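Below: one structure, written as C-alpha cells.
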Amino acid sequence: RIEVQAQRTLDQDSDALSDDELLAEFDDDPEFERLREARLQQLKDGMLKVRELRAQHHGEYTEILEEKEMVLLPTKSTQPIIAHFYHKDFERCKIMDSHLEKLAPHHFMTRFVKANVERMPFLVDKFGIRILPCVLMFSDSKIVDRLVGFEELGNVDDFKTERLERRLAEKGIIKLSEEQYSTSIDQRRNVFGRTGTTNETRGPSDSDGYESY
C-alpha cells in the first residue's frame, strides 16, 4: 500500500504540494506508521548502544592499571580491542601512544587501551611479549593480530598515523570507510564532532631500533 501511495503522490503536480501536504498523504497509512515506528525504535536502540559503549570508554585511549582487569577485558567485551603493551621509559612506546590516542576517537566501535608491562608480568609471559612496543588486537576473546615494533610501519619513528591505521584495519579490527581511507586524520570529523587533533606526533627520536623487554 505504501508504494501505491507514493506513486500516487509522485503522479500529482509536485510543485503544488508543500512538504506538509506530501507528508499528509501518508498520515493515515498504517504501513507508513509501522515503518516510522520501526525506524524510531532503531534510532533509540542505536543511541542506547552508543551510551553503553561510551560508558565503557569507547572513543578514548585509556590505561588499564590492574592485570586482572586486562585479563578479563577481552572476554567481557563484545567489541574488538586494540591493546598497546608499553614501557614508560621507551621512546617508541611514547610514539605509538601518540598515534593510538589520535585514532581512538575516529573508531568508536573498537576499544583502545594500553597496559604497562611492568604491571602485567603474567600477560607478558602468556602472550610472549619480548619486543616493545607491542600492539595486540583482540576479537571474540582471541588475539587475531599483533604489531611488534615499527618494522611494518617503515621502521622509522616519524611514520604517519594513517599508515598505522591502515595496518590495524588489515584484520578488520577497525573499519575504514572510503572517506577515511582517502583523507588525513587531521581533516576528518571524529565521533565527538571535532576535527583535527591537539596531540603532536613525535618526530624521529634517538632510538635506533626495537626496545627489548
Side-chain angles (χ1 to χ4, degrees), residues 45-153 159 161-177 180 185 190-192 194 197 199 201 210-213:
D45 291 344
M47 290 175 65
L48 287 174
K49 184 64 175 177
V50 167
R51 290 194 185 105
E52 176 187 335
L53 293 178
R54 188 70 182 86
Q56 297 170 6
H57 302 289
H58 280 247
E60 305 173 42
Y61 181 48
T62 55
E63 180 160 12
I64 305 299
L65 297 176
E66 299 297 330
E67 187 167 42
K68 182 179 179 180
E69 183 181 358
M70 190 65 236
V71 169
L72 294 175
L73 185 62
T75 65
K76 293 167 58 179
S77 178
T78 59
Q79 302 297 327
I81 298 169
I82 292 173
H84 173 211
F85 287 82
Y86 78 97
H87 191 288
K88 60 181 175 25
D89 295 329
F90 290 0
E91 285 301 314
R92 283 195 161 182
C93 292
K94 296 173 185 177
I95 294 170
M96 182 63 73
D97 270 345
S98 69
H99 290 291
L100 292 175
E101 191 167 8
K102 284 184 180 182
L103 288 173
H106 292 273
H107 298 283
F108 186 73
M109 299 307 291
T110 299
R111 179 84 188 272
F112 285 73
V113 301
K114 63 179 179 178
N116 187 334
V117 290
E118 293 180 302
R119 291 176 174 266
M120 310 282 160
F122 171 75
L123 289 179
V124 166
D125 183 62
K126 177 180 173 63
F127 296 147
I129 297 173
R130 298 292 178 266
I131 303 294
L132 300 178
C134 179
V135 178
L136 300 183
M137 289 157 261
F138 297 86
S139 182
D140 296 326
S141 304
K142 300 175 183 177
I143 295 175
V144 296
D145 200 3
R146 69 171 63 204
L147 178 62
V148 179
F150 287 0
E151 185 174 347
E152 295 184 63
L153 304 169
F159 62 86
T161 302
E162 293 79 12
R163 183 165 187 172
L164 172 62
E165 183 179 46
R166 292 171 188 177
R167 171 61 185 85
L168 296 175
E170 286 182 5
K171 295 291 180 68
I173 294 298
I174 60 174
K175 308 290 185 184
L176 280 178
S177 67
Q180 287 174 319
I185 194 166
N190 65 34
V191 71
F192 303 112
R194 297 190 290 269
T197 177
N199 299 310
T201 303
Y210 305 127
E211 294 171 295
S212 299
Y213 176 68

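What you see is a predicted model; the values in this text were computed from it and never measured.
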Please find the pair of heavy atoms, one from [X] and one from [Y], that lie closest to each other, and give the distance.
X: Ser141; Y: Pro74; value: OG-O, 3.2 Å
X: Gln180; Y: Glu165; value: O-OE1, 4.3 Å
X: Ile64; Y: Met120; value: O-CE, 3.4 Å
X: Arg146; Y: Arg167; value: O-NH2, 3.3 Å
X: Glu118; Y: Pro121; value: O-CD, 4.2 Å
X: Leu147; Y: Met137; value: N-CE, 3.9 Å

Which residues share a ring-ring contact (aromatic ring centres under 6.0 Å, His included) with Phe138, sequence neighbours left out =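 Only Phe127 meet the ring-ring contact (aromatic ring centres under 6.0 Å, His included) criterion with Phe138.
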In Å and rounded to the nearest 0.5 Å, what is the [atom1] to [atom2] distance from [X] to [Y]?
X: Thr110; Y: Leu168; atom1: OG1; atom2: CG; result: 9.0 Å
X: Ile185; Y: Glu162; atom1: CD1; atom2: CD; result: 6.0 Å
X: Tyr86; Y: Asn116; atom1: OH; atom2: CG; result: 4.0 Å
X: Lys171; Y: Ser139; atom1: NZ; atom2: OG; result: 11.0 Å
X: Leu164; Y: Ile95; atom1: CG; atom2: CD1; result: 12.0 Å
X: Lys94; Y: Asp89; atom1: NZ; atom2: CG; result: 6.5 Å

Kindly indicate whether the side chain of [X], heavy atoms from C-beta on, has any atom under 4.5 Å from the side chain of [Y].
X: Leu103; Y: Tyr61; result: no
X: Ile173; Y: Ile82; result: yes
X: Met70; Y: Leu123; result: yes

Evaluate side-chain contact (heavy atoms from CB on, under 4.5 Å) for His84 paired with Cys134, printing each intermediate quantity in order.
-> CA-CA 6 Å; His84 173 211; Cys134 179; over 6 Å; no
List in chain and number order the residues that pass side-chain hydrogen bond (donor to acceptor under 3.5 Å, both in side chains) with Thr62, two or more places apart in sequence or in another chain; answer none if no residue qualifies.
->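 So Thr62 forms a side-chain hydrogen bond (donor to acceptor under 3.5 Å, both in side chains) with Arg111.
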Is a side-chain N or O of His107 found less than 3.5 angstrom from the main chain of Ile174, in a donor-acceptor match?
->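 Checking the backbone N and O of Ile174 against the side chain of His107, no donor-acceptor pair under 3.5 Å is found.
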Could you give me the CA-CA distance, side-chain angles and deciding distance for Phe150 and Met96, then say whether side-chain contact (heavy atoms from CB on, under 4.5 Å) is met?
-> CA-CA 9 Å; Phe150 287 0; Met96 182 63 73; 3.8 Å; yes
Report the residues that fulfil side chain to side chain contact (heavy atoms under 4.5 Å, CB included) with [X], sequence neighbours left out, ordered by chain and then residue number.
X: Glu66; result: Glu69
X: Arg163; result: Leu153
X: Leu72; result: Lys68, Thr75, Lys76
X: Phe122; result: Glu67, Val71, Lys126

Any chance the rings of Phe159 and His99 have centres within less than 6.0 Å?
->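 Yes: the rings meet the under 6.0 Å criterion.
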Aromatic ring pairing His87/Phe90, orientation class (parallel under 30°, perpendicular over 60°, tilted between) |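 Ring orientation of His87 relative to Phe90: parallel.
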